[in-house]
Chemist: 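Okay, here's the structure, questions in a sec.
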Amino acid sequence: MSEPIDKFDHKEIDAKWQKRWREAELFKVTEDATGPKSYVLDMFPYPSGAGISVGHCRNYIPSDCYARFMRMRGNNVLHPMGWDAFGQPAETEAIKRGSHPRETVPKYVANYKRQLNLVGISFDWSREFNSSEPDYYKWTQWIFLLLYKRGLAYRSMAPANWCPQEKTVLANEEVQGGLCWRCGSRVEKRDLPQWFLKITDYAERLLHDLDGLEWSEGLKMMQRNWIGRSEGVEFEMKVDGTEHSFRVFTTRIDTVFGMTFCVFAPEHPLVVRITTDERRAEVEVYAKRAQALSEIDRMATEREKSGVFTGAYAINPANGARVPIWVADYVLMGYGTGAIMAVPGHDERDFEFAKKYGLEIRRVIADNSSLADVPLEKAEPAYGVMVNAGEYSGVACDEGQRRLGEWFEAQRTGERKVNYRLRDWLISRQRYWGCPIPMIHCPSCGMVPVPDTDLPVLLPDVDNYQPTGTGESPLAAIPEFINVNCPSCGGAARRETDTMAGSACSSWYFLRYADPKNDQAAFDPAKAAYWLPVDCYVGGTEHAVGHLLYARFWTKVLQDAGYITFGEPFLKLMNQGSVLGLTPFRKPRENETLSVGQEGILVRPEDVPSIPQDQVFWRWERMSKSKGNVVTPDEMVEDFGADSLRIYELFVAPFEMNIQWSSEGMQGANRFLNRVWRAVLGAKFDREWRSKLEQPFDGKAKSLRQKTHSSLAKVYEDISGFRFNTAVAAMMEWLNELQDFQSSGGSSAAESEAIECFVRALSPMAPHLADEMWERLGFSGFLLGDRLIDPDPAVAKADTVTIAVQVNGKLRSTLEVPAETVGPELERLALADQKVVQHTDGLTVRKVIVVPGRLVNIVAS
RNA sequence: GCCCAGGUGGUGAAAUGGUAGACACGAGGGACUUAAAAUCCCUUGAGGCGACUCGUGCGGGUUCGAGUCCCGCCCUGGGCACCA
């Protein structure tokens with residue numbers, strides 16, 4: 001060792017070990033290895049031109065630390081990575097740049113992979129795949145057909161955002177303030193035939209199975225609310241003087257006697273048929289205006305209620321009352337039946353509506369029967385006793401609900417029903433860069449699925465995939481693609497031209513890693529049975545109700561079809577916090593209006609100097625390419641090395657917490673690793689330390705051994721629980737003690753033990769440096785292929801403890817006592833303590849609380 | 001408006017109901033150096049010469065003891081589909 005050891009050469013060490021790991025195929029795993037399997041999975045990224053940021057690293061570094069740790073604890077760990085490469089952003093970007101996703105995607109993928117290797121992530125690249133490759137999307141299509149054959153895919157008309165200028169369908173993201181974000185024209189709604197997947201058939205199971213998952217309660221709650229199960233009664237109402245009837249759903253059938261009007265969603269098909277001639281013009285205008293509003297606008301609470309009377313009346317089946325039918329945009333066609341019974345006395349929105357339009361408000365619920373005629377100042381949705389309810393008056397609400405449910409069922413005009421707010425999953429996109437939907441429209445046979453043997457339906461490799469102007473996918477303009485013979489009758493037919501949303505590709509990718517090269521099936525059931533379900537899934541909360549729900553749905557369908565034996569794909573889910581970057585904004589100009597929640601106009605950092613200083617302000621926002629606030633790991637790795645970045649990201653904050661990016665702490669992480677380097681390599685290391693541990697240790701060596709073993713226990717526990725920040729802190733404390741030991745001239749087997757244990761424990765966090773030090777200590781091989789050392793609880797146990805001594809709850813003194821000191825002895829010592837004597841002088845000791853190993857609290861007055 | 005997280009030094013943060021601020025960053029002082037970098041040592045919640053006092057968003061409560069538990073507020077961040 002001729003070179004100086006005051007600092008490690010991170011560039012040399014990173015490159016050296018990354019090369020060796022690659023050459024040794026260190027990260028490759030197989031099913032036949034020993035030890036229990038563990039599947040540690042990161043949500044696969046969408047590769048964009050900006051590359052991965054230090055924000056992505058906050059996902060991949062901790063999960064890599066965990067995966068490496070699990071492997072070093074004897075598990076057979078699957079830790080794969082792939083690319084979510086289909087999707088609208090890639091297509092939009094390519095159109096803008098005049099390139100093609102087929103060319104840009106592989107470039108971006110190569111860059112992502114380079115960056116991930118740069119920070120030393122232990123992915124098994126032999127299992128890598130890309131969702132936009134036919135080898136993969138063949139099986140996405142196969143699963144779509146499986147859903148179709150099981151009656152879970154159907155086609156239905158649904159509105160899409162339509163830009164009349166560009167003559168194209170827009171994603172919600174492309175609509176801002178009702179305007180197209182590119183050309184600024186007013187976005188319209190246009191009905192198109194679209195494909196849906198029947199996730200609602202699985203609502204109950206998706207809800208129920210959440211209970212068994214090791215996910216955060218907050219996230220489970222989000223899914224529960226999204227599924228939105230409610231129990232109630234759906235019943236039929238007749239439109240007075242016509243043959244028409246409609247159905248309404250309510251969770252509060254006990255309030256049915258308080259119904260003073262009904263409300264239809266503006267899109268309700270009955271609206272045009274029941275509206276009277278004198279009301280027609282007004283209703284039509286209203287419906288048209290409502291249609292132009294986005295759903296979010298219609299939902300906005302602050303908005304004042306609005307509506308129009310149709311001129312028609314309905315009959316309340318419970319009491320025969322004749323109630324007016326209104327149309328209002330606060331009722332949505334997509335939820336329930338698209339029509340409601342309005343009970344203004346006991347529903348806040350109905351109350352507000354009734355107040356505005358002077359409709360009757362009746363009390364039908366009260367705390368007790370004597371309050372039946374107390375006027376209502378506001379809606380009272382509480383439960384109590386039914387009043388003004390005919391023969392039900394005086395009946396408790398919950399009993400009334402049951403009896404009314406039975407009554408409707410006996411009358412055959414309604415039934416008790418469970419309702420969900422979850423809607424079917426709209427999976428079609430009128431886009432080029434997606435997985436083609438494998439269906440054929442035949443004039444004589446109708447809808448015909450592409451036979452499995454004809455899969456994949458290849459996405460045609462064309463240069464021009466601009467919008468068609470008809471609302472159809474660009475694929476509709478490619479004759480070679482659309483013209484096909486019907487697989488059933490052989491006649492001329494037409495291919496489906498919609499592609500699938502990106503979320504289809506990501507709804508089963510976790511299965512493919514088990515068997516990524518299989519060209520006979522999506523996966524070998526035996527391999528899937530070995531690796532799955534995912535033991536630990538790591539990703540952000542932004543997927544709480546999209547991806548995470550869809551993936552659970554597909555898993556259950558595959559289970560029902562017998563391909564897998566489990567119904568939940570992700571047993572444990574960990575959500576990392578975001579990394580926020582400082583992002584420049586400017587104040588709006590006079591002609592610009594901000595939408596709700598927006599505080600300024602985003603500007604690119606390079607434009608800041610050209611904007612008047614007082615117009616610019618900075619905010620912390622999630623790092624993303626579109627915000628121009630991305631910091632890449634490349635520069636951090638260049639300056640400080642992969643391991644410094646890893647330590648910093650592990651240490652900076654709790655895993656699940658958002659952080660504001662600052663590279664100041666990088667110095668500290670780098671300094672820590674340099675101290676490790678000197679403490680480990682500057683010592684006289686004795687490989688045979690194990691055989692020399694029997695010698696009597698002096699106090700210093702003994703306490704170093706205690707620190708070594710207690711730190712191992714703490715670090716292992718913390719990594720297991722994803723508490724990486726305190727795991728790193730424990731390593732730092734351990735190192736401080738080792739350095740103190742060394743600077744006081746100590747040298748013994750205890751020091752060598754500490755060094756070997758430390759280097760091994762550091763390996764999941766800082767693998768490059770750990771392997772380098774391992775080699776320099778005279779060992780060979782890779783630490784990842786080796787085991788961590790088990791802490792010895794007997795050694796980890798401290799001999800003495802510090803006992804806090806309080807008087808009336810205030811700390812007055814501390815006692816340094818042997819760990820096994822019993823309560824009565826602690827009490828005696830505390831009462832004899834000089835500080836205690838001072839503070840209890842003139843007082844009577846009333847009570848002494850002793851917590852052995854912790855504290856003594858003397859209550860005196 | 002509803003739902004979910006949070007609120008602790010100059011900063012990131014730590015703390016099974018039991019010594020608030022571990023571990024770091026930054027700052028100040030010192031050693032080494034011609035000097036700087038690096039490294040090492042000391043100080044660093046506020047007030048007070050001190051004994052001590054005060055201090056975890058605010059107000060109550062439970063407890064021998066509350067950052068932690070309960071009730072009522074305020075503020076910040078995230079999510080949302082007015083869900084009948």
Side-chain angles (χ1 to χ4, degrees), chain A residues 6-7 216-222 224-226 228-230 232 248-252 255 263 294-303 305 328-332 334-337 339-343 346-350 352-353 381 419-423 540-542 544-545 575 577-578 580 620 622 647-648 651-654 656-660 662 664-669 671-672 674-675 678 723 725-736 739 743 802-815 838-839 846-851 853-860:
Chain A
D6 62 316
K7 276 183 149 196
S216 75
E217 271 314 307
L219 208 116
K220 286 201 231 180
M221 194 53 74
M222 273 197 229
R224 284 190 192 108
N225 292 343
W226 193 263
R229 183 184 198 275
S230 59
V248 297
F249 175 81
T250 179
T251 55
R252 291 300 302 271
T255 66
V263 187
S294 79
E295 205 162 86
I296 288 167
D297 286 338
R298 278 173 65 168
M299 301 298 161
T301 315
E302 315 85 68
R303 242 182 91 243
K305 299 277 170 294
D329 58 14
Y330 76 90
V331 175
L332 298 179
Y335 182 77
T337 62
I340 62 162
M341 69 167 198
V343 183
H346 305 284
D347 179 279
E348 282 171 32
R349 286 154 307 161
D350 297 346
E352 201 184 315
F353 193 86
N419 195 49
Y420 301 92
R421 63 179 180 173
L422 181 69
R423 298 177 200 165
T541 48
E542 66 270 22
V545 289
N575 302 115
S578 308
L580 311 180
W620 289 99
R622 261 186 78 106
I647 292 290
Y648 176 66
F651 180 62
V652 65
E656 64 280 1
M657 200 170 277
N658 290 350
I659 61 161
Q660 300 175 348
S662 138
E664 276 179 0
M666 284 292 307
Q667 283 283 0
R671 205 174 296 158
F672 164 66
N674 275 316
R675 288 204 293 130
R678 288 190 297 271
R723 292 181 298 272
N725 58 327
T726 51
V728 174
M731 295 292 288
M732 288 172 168
E733 286 186 61
W734 184 7
L735 175 67
N736 289 343
Q739 284 192 307
S743 65
T802 308
I803 303 290
V805 181
Q806 301 179 330
V807 176
N808 290 331
K810 278 193 205 290
L811 182 71
R812 295 302 178 190
S813 183
T814 57
L815 299 172
Q838 271 173 34
H839 282 94
R846 305 284 174 193
K847 197 172 172 184
V848 180
I849 284 114
V850 181
V851 184
R854 279 283 182 189
L855 62 56
V856 178
N857 186 15
I858 293 152
V859 185

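Values reported hereafter were calculated over all heavy atoms of this structure, with side chains retained and with hydrogens, waters and symmetry mates removed. Reminder, nothing fancy here: chain letters follow the sequence lines and each chain counts from 1.
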Chemist: Checking understanding here: a glycosidic angle within 90° of 0 is syn, the rest anti, so what is B/G9?
Modeler: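 You should classify B/G9 as syn.
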Chemist: From C-beta outward on A/R812, which listed nucleotide comes closest to its side chain: B/C52, B/A14, B/A84?
Modeler: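 Closest nucleotide to the A/R812 side chain: B/C52.
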Chemist: Consider the side chain of A/P654, meaning its heavy atoms from C-beta on, and name the nucleotide among B/A13, B/A84, B/U19 that approaches it most closely.
Modeler: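 It is B/A13.
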Chemist: Quiz question: by atom type and distance under 3.5 Å, do the side chains of A/N419 and A/R229 form a donor-acceptor pair?
Modeler: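 Their side chains do not contain a donor-acceptor pair, so the 3.5 Å distance test is not met.
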Chemist: When you measure from the side chain of A/W226, which nucleotide among B/C80, B/C40, B/G18 comes out closest?
Modeler: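 Nucleotide nearest to A/W226's side chain: B/C80.
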Chemist: For the side chain of A/M221, counting heavy atoms from C-beta on, which of B/C3, B/G18, B/C40 is nearest?
Modeler: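 Nucleotide nearest to A/M221's side chain: B/C3.
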Chemist: Among A/L811, A/L815, A/L855, A/N857, which one satisfies side chain to side chain contact (heavy atoms under 4.5 Å, CB included) with A/V805?
Modeler: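 Among A/L811, A/L815, A/L855, A/N857, the one that satisfies the side chain to side chain contact (heavy atoms under 4.5 Å, CB included) with A/V805 is A/L815.
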Chemist: The side chain of A/K847 is closest to which nucleotide in this list: B/C64, B/A81, B/C23?
Modeler: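 The nucleotide sitting nearest to the side chain is B/C64.
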Chemist: Taking only Watson-Crick and G-U wobble pairs with both distances under 3.5 Å, what dot-bracket line describes RNA chain B, where [ ] shows pairs that cross earlier ones and | shows pairs with another strand?
Modeler: (((((((..(((.....[....)))((((((.......))))))(((....)))..(((((..]....))))))))))))....
Chemist: Report, as yes or no, whether the 6.0 Å neighbourhood of atom CD on A/E348 holds more than 12 heavy atoms from other residues, nucleotides or ligands.
Modeler: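 At most 12 heavy atoms, drawn from other residues, nucleotides or ligands, come within 6.0 Å of this atom.
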Chemist: State which of B/A84, B/G18, B/C40 makes the closest approach to the side chain of A/L855.
Modeler: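 Given the options B/A84, B/G18, B/C40, the side chain of A/L855 is closest to B/G18.
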Chemist: Can a donor-acceptor pair under 3.5 Å be found between the side-chain atoms of A/R252 and the base atoms of B/A84?
Modeler: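 There is none.
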Chemist: If you check the A/V859 side chain, which of B/C64, B/A15, B/U53 turns out closest?
Modeler: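 Looking only at side-chain atoms, A/V859 lies closest to B/C64.
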Chemist: Quiz question: by atom type and distance under 3.5 Å, do the side chains of A/Q806 and A/R812 form a donor-acceptor pair?
Modeler: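 Their side chains do not contain a donor-acceptor pair, so the 3.5 Å distance test is not met.
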Chemist: If you measure from the P atom in B/G55 to the same atom in B/A46, how many Å do you get, rounded?
Modeler: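 Between the two P atoms, the distance is 16 Å.
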Chemist: If you check the A/M732 side chain, which of B/C40, B/C23, B/U16 turns out closest?
Modeler: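 Closest of the options to the side chain of A/M732: B/C23.
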Chemist: Which part of the nucleic acid, if any, lies within contact of A/G668, taking any heavy atom under 4.0 Å across all strands shown: a base, the sugar-phosphate backbone alone, or nothing?
Modeler: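 Sugar-phosphate, backbone atoms only, no base.
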Chemist: Can you check side-chain contact (heavy atoms from CB on, under 4.5 Å) on A/Y330 and A/L332, steps first, answer last?
Modeler: CA-CA 6 Å; A/Y330 76 90; A/L332 298 179; over 6 Å; no
Chemist: Of the candidate nucleotides B/U39, B/A20, B/A13, which contains the atom at the shortest distance from the side chain of A/L811?
Modeler: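 It is B/A20.
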Chemist: Can you figure out which of B/U39, B/A84, B/A81 approaches the side chain of A/R671 most closely?
Modeler: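 Per side-chain heavy atoms of A/R671, the pick is B/U39.
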